[in-house]
Amino acid sequence: GQQLNQSPQSMFIQEGEDVSMNCTSSSIFNTWLWYKQDPGEGPVLLIALYKAGELTSNGRLTAQFGITRKDSFLNISASIPSDVGIYFCAGLDTGNQFYFGTGTSLTVIP
Amino acid sequence: SQTIHQWPATLVQPVGSPLSLECTVEGTSNPNLYWYRQAAGRGLQLLFYSVGIGQISSEVPQNLSASRPQDRQFILSSKKLLLSDSGFYLCACRSGISTGELFFGEGSRLTVL
(Lines give C-alpha, C1' and ligand atoms only; values in the text may rest on other atoms or scores of the structure.)
Protein backbone atom coordinates (compact mmCIF):
# COMPACT_ATOMS: atom_id res chain seq x y z
CA GLY A 1 0.00 0.00 0.00
CA GLN A 2 0.94 3.65 -0.26
CA GLN A 3 3.41 4.92 2.29
CA LEU A 4 3.71 8.60 3.03
CA ASN A 5 7.00 10.39 2.41
CA GLN A 6 8.11 11.82 5.72
CA SER A 7 11.20 13.95 6.17
CA PRO A 8 13.63 14.28 7.67
CA GLN A 9 14.26 10.71 8.83
CA SER A 10 16.16 11.93 11.86
CA MET A 11 17.06 15.18 13.57
CA PHE A 12 19.62 16.08 16.21
CA ILE A 13 18.98 19.47 17.73
CA GLN A 14 19.99 21.57 20.69
CA GLU A 15 17.50 22.13 23.47
CA GLY A 16 15.56 25.32 22.81
CA GLU A 17 15.68 25.06 19.02
CA ASP A 18 12.61 24.81 16.82
CA VAL A 19 11.87 21.67 14.82
CA SER A 20 10.04 21.21 11.56
CA MET A 21 9.06 18.01 9.75
CA ASN A 22 6.69 17.24 6.93
CA CYS A 23 4.81 14.53 5.10
CA THR A 24 3.74 14.33 1.50
CA SER A 25 1.36 12.06 -0.33
CA SER A 26 0.69 11.22 -3.94
CA SER A 27 -3.05 11.32 -3.32
CA ILE A 28 -5.54 13.60 -1.60
CA PHE A 29 -6.31 13.14 2.07
CA ASN A 30 -9.35 14.17 4.12
CA THR A 31 -7.54 14.02 7.45
CA TRP A 32 -3.98 14.40 8.60
CA LEU A 33 -2.82 13.06 11.97
CA TRP A 34 0.44 13.53 13.85
CA TYR A 35 1.68 11.09 16.49
CA LYS A 36 4.59 10.77 18.90
CA GLN A 37 5.91 7.34 19.83
CA ASP A 38 8.30 6.57 22.66
CA PRO A 39 10.37 3.34 22.59
CA GLY A 40 8.28 0.27 23.40
CA GLU A 41 5.02 2.20 23.55
CA GLY A 42 2.12 2.86 21.25
CA PRO A 43 1.84 6.07 19.22
CA VAL A 44 0.08 8.94 20.98
CA LEU A 45 -2.11 11.24 18.90
CA LEU A 46 -0.84 14.83 19.08
CA ILE A 47 -2.87 16.75 16.51
CA ALA A 48 -5.68 16.02 14.05
CA LEU A 49 -6.35 18.21 10.99
CA TYR A 50 -9.53 18.11 8.92
CA LYS A 51 -9.52 21.00 6.46
CA ALA A 52 -7.14 22.17 3.77
CA GLY A 53 -5.18 25.14 5.08
CA GLU A 54 -6.09 24.40 8.69
CA LEU A 55 -3.48 25.39 11.27
CA THR A 56 -3.83 23.77 14.71
CA SER A 57 -1.74 24.07 17.84
CA ASN A 58 -1.26 21.84 20.87
CA GLY A 59 1.02 23.62 23.30
CA ARG A 60 4.40 24.04 21.62
CA LEU A 61 3.28 21.92 18.67
CA THR A 62 1.72 23.39 15.54
CA ALA A 63 0.57 21.43 12.52
CA GLN A 64 -0.86 22.48 9.19
CA PHE A 65 -3.01 20.75 6.59
CA GLY A 66 -1.54 21.65 3.20
CA ILE A 67 -3.63 23.57 0.69
CA THR A 68 -3.22 20.86 -1.93
CA ARG A 69 -4.44 18.25 0.64
CA LYS A 70 -1.36 16.23 -0.23
CA ASP A 71 0.94 17.39 2.53
CA SER A 72 1.17 18.36 6.17
CA PHE A 73 3.74 19.99 8.44
CA LEU A 74 4.53 19.68 12.14
CA ASN A 75 6.51 22.28 14.00
CA ILE A 76 7.80 22.04 17.56
CA SER A 77 8.93 25.28 19.14
CA ALA A 78 11.54 25.66 21.88
CA SER A 79 12.33 21.94 22.08
CA ILE A 80 12.93 20.30 25.46
CA PRO A 81 14.52 16.93 26.33
CA SER A 82 11.14 15.19 26.73
CA ASP A 83 10.37 15.93 23.07
CA VAL A 84 12.72 13.05 22.19
CA GLY A 85 10.97 10.28 20.31
CA ILE A 86 9.67 9.27 16.92
CA TYR A 87 7.05 11.43 15.25
CA PHE A 88 4.67 9.91 12.68
CA CYS A 89 2.27 11.41 10.27
CA ALA A 90 -0.83 9.58 9.11
CA GLY A 91 -3.38 10.40 6.47
CA LEU A 92 -6.92 9.26 5.83
CA ASP A 93 -7.78 9.12 2.16
CA THR A 94 -11.13 9.50 0.40
CA GLY A 95 -11.53 5.71 0.48
CA ASN A 96 -11.33 5.70 4.31
CA GLN A 97 -7.91 4.07 4.32
CA PHE A 98 -5.15 5.15 6.72
CA TYR A 99 -1.58 5.56 5.52
CA PHE A 100 1.47 6.23 7.65
CA GLY A 101 4.81 7.93 7.32
CA THR A 102 7.99 6.11 8.30
CA GLY A 103 8.68 8.51 11.13
CA THR A 104 11.13 11.22 12.13
CA SER A 105 13.47 10.37 14.98
CA LEU A 106 14.08 13.42 17.14
CA THR A 107 17.04 13.72 19.50
CA VAL A 108 17.29 16.78 21.72
CA ILE A 109 20.71 17.56 23.13
CA PRO A 110 20.57 19.33 26.51
CA SER B 1 -12.00 9.80 24.70
CA GLN B 2 -11.48 6.10 24.29
CA THR B 3 -8.88 3.97 26.04
CA ILE B 4 -7.35 0.96 24.37
CA HIS B 5 -5.84 -1.87 26.41
CA GLN B 6 -3.62 -4.57 24.99
CA TRP B 7 -2.26 -7.67 26.65
CA PRO B 8 0.07 -9.22 27.11
CA ALA B 9 2.54 -6.37 26.80
CA THR B 10 5.42 -8.73 26.13
CA LEU B 11 5.44 -12.30 24.92
CA VAL B 12 8.21 -14.75 24.04
CA GLN B 13 7.00 -17.83 22.18
CA PRO B 14 8.69 -20.77 20.42
CA VAL B 15 8.21 -21.36 16.71
CA GLY B 16 5.12 -23.42 16.07
CA SER B 17 3.30 -22.39 19.22
CA PRO B 18 -0.11 -20.67 19.22
CA LEU B 19 -0.72 -16.98 19.80
CA SER B 20 -3.48 -14.90 21.26
CA LEU B 21 -3.19 -11.13 21.65
CA GLU B 22 -6.15 -9.29 23.08
CA CYS B 23 -7.35 -5.75 22.69
CA THR B 24 -10.24 -4.13 24.52
CA VAL B 25 -11.61 -0.64 24.09
CA GLU B 26 -13.34 1.59 26.65
CA GLY B 27 -15.20 4.84 26.19
CA THR B 28 -16.81 4.28 22.82
CA SER B 29 -19.36 2.11 21.03
CA ASN B 30 -19.35 0.49 17.59
CA PRO B 31 -15.74 1.42 16.89
CA ASN B 32 -13.71 0.44 13.88
CA LEU B 33 -10.84 -1.69 15.19
CA TYR B 34 -7.48 -2.40 13.61
CA TRP B 35 -4.44 -4.63 14.12
CA TYR B 36 -1.12 -3.28 12.89
CA ARG B 37 2.38 -4.74 13.00
CA GLN B 38 5.32 -2.44 13.38
CA ALA B 39 8.67 -3.83 12.30
CA ALA B 40 12.05 -2.47 13.34
CA GLY B 41 11.98 0.07 10.49
CA ARG B 42 9.01 1.80 12.17
CA GLY B 43 6.55 1.41 9.29
CA LEU B 44 3.05 0.31 10.24
CA GLN B 45 1.58 -2.61 8.34
CA LEU B 46 -2.19 -3.07 8.50
CA LEU B 47 -3.07 -6.70 9.25
CA PHE B 48 -6.79 -6.73 9.97
CA TYR B 49 -9.63 -4.32 10.49
CA SER B 50 -13.17 -4.73 11.72
CA VAL B 51 -16.24 -2.51 11.42
CA GLY B 52 -18.41 -4.64 13.70
CA ILE B 53 -18.86 -7.86 15.63
CA GLY B 54 -17.84 -10.85 13.55
CA GLN B 55 -16.78 -8.64 10.62
CA ILE B 56 -13.09 -9.02 9.80
CA SER B 57 -11.19 -7.82 6.76
CA SER B 58 -7.71 -9.17 6.13
CA GLU B 59 -5.16 -7.01 4.40
CA VAL B 60 -2.18 -9.34 4.32
CA PRO B 61 -2.31 -13.12 3.66
CA GLN B 62 -0.42 -14.84 6.45
CA ASN B 63 -0.75 -17.35 9.24
CA LEU B 64 -2.46 -14.84 11.52
CA SER B 65 -6.19 -14.46 12.05
CA ALA B 66 -8.39 -12.02 13.91
CA SER B 67 -11.73 -12.23 15.63
CA ARG B 68 -14.16 -9.76 17.13
CA PRO B 69 -16.38 -11.64 19.56
CA GLN B 70 -17.69 -8.48 21.23
CA ASP B 71 -18.17 -4.87 20.13
CA ARG B 72 -15.12 -3.64 22.03
CA GLN B 73 -12.89 -6.71 21.89
CA PHE B 74 -10.49 -7.58 19.11
CA ILE B 75 -8.25 -10.65 19.19
CA LEU B 76 -5.23 -11.52 17.07
CA SER B 77 -4.40 -15.22 16.86
CA SER B 78 -2.17 -17.76 15.25
CA LYS B 79 -2.21 -21.55 15.36
CA LYS B 80 1.53 -21.89 14.62
CA LEU B 81 3.92 -19.00 14.94
CA LEU B 82 6.75 -18.36 12.51
CA LEU B 83 10.01 -16.54 13.22
CA SER B 84 8.82 -13.80 10.89
CA ASP B 85 5.85 -13.12 13.16
CA SER B 86 8.12 -11.37 15.65
CA GLY B 87 7.33 -7.70 15.99
CA PHE B 88 5.42 -5.01 17.80
CA TYR B 89 1.66 -5.38 17.44
CA LEU B 90 -0.61 -2.41 17.81
CA CYS B 91 -4.35 -2.34 18.23
CA ALA B 92 -6.07 0.85 17.08
CA CYS B 93 -9.55 2.27 17.35
CA ARG B 94 -11.54 4.72 15.32
CA SER B 95 -14.90 5.82 16.73
CA GLY B 96 -16.90 5.32 13.57
CA ILE B 97 -16.37 6.76 10.10
CA SER B 98 -17.61 10.21 11.07
CA THR B 99 -14.32 10.93 12.81
CA GLY B 100 -10.86 10.67 11.30
CA GLU B 101 -9.02 10.20 14.58
CA LEU B 102 -7.23 6.90 15.12
CA PHE B 103 -6.08 5.97 18.63
CA PHE B 104 -3.55 3.28 19.48
CA GLY B 105 -3.08 0.89 22.37
CA GLU B 106 0.15 0.42 24.29
CA GLY B 107 1.34 -2.35 22.01
CA SER B 108 2.36 -6.00 22.45
CA ARG B 109 5.95 -7.05 21.83
CA LEU B 110 6.13 -10.58 20.38
CA THR B 111 9.40 -12.44 20.07
CA VAL B 112 9.34 -15.80 18.34
CA LEU B 113 12.38 -17.99 19.00
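Because only heavy atoms are used, hydrogens play no part in the values below, and waters and symmetry mates are left out as well, while side chains stay in. Each chain gets a letter, A, B and so on, in the order its sequence line appears, and its residues count up from 1.
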Inter-residue atom distance A/Phe100.CZ - B/Gln45.CD, 0.5 Å rounding: 12.0 Å
Heavy atoms, side chains only, cut-off 4.5 Å: are A/Gln37 and B/Phe104 in contact? no
Non-hydrogen atoms of A/Leu33 and B/Leu102 that approach each other most closely: CD1-N, 3.9 Å
How many angstroms lie between CD1 in A/Ile86 and CD in B/Gln38, if you round to the nearest 0.5 Å? 7.5 Å
About how many Å separate CD of A/Glu41 and CZ of B/Arg109, when rounded to the nearest 0.5 Å? 11.5 Å
Inter-residue atom distance A/Thr31.OG1 - B/Glu101.CD, 0.5 Å rounding: 8.5 Å
Treating Ile, Leu, Val, Met, Phe, Trp and Tyr as nodes and any side-chain heavy-atom pair under 4.5 angstrom as an edge, say whether B/Leu83 and B/Leu19 lie in one connected cluster. yes
Is there a side-chain contact between B/Phe103 and A/Tyr35, using heavy atoms and a 4.5 Å cut-off? no
Do B/Leu11 and B/Val15 land in one hydrophobic cluster if side-chain heavy atoms of ILVMFWY residues count as linked below 4.5 Å? yes
ILVMFWY cluster, A/Leu49 and A/Phe73 together (side-chain gap under 4.5 Å): no
Same cluster for B/Leu33 and B/Ile75 if Ile/Leu/Val/Met/Phe/Trp/Tyr side chains link at under 4.5 Å? no
Take a 6.0 Å sphere around OH of A/Tyr87 and say whether it holds more than 12 heavy atoms from other residues, nucleotides or ligands. yes
Does B/Tyr36 share a hydrophobic cluster with B/Leu21, counting links as ILVMFWY side-chain heavy atoms below 4.5 Å and allowing steps through other members? yes
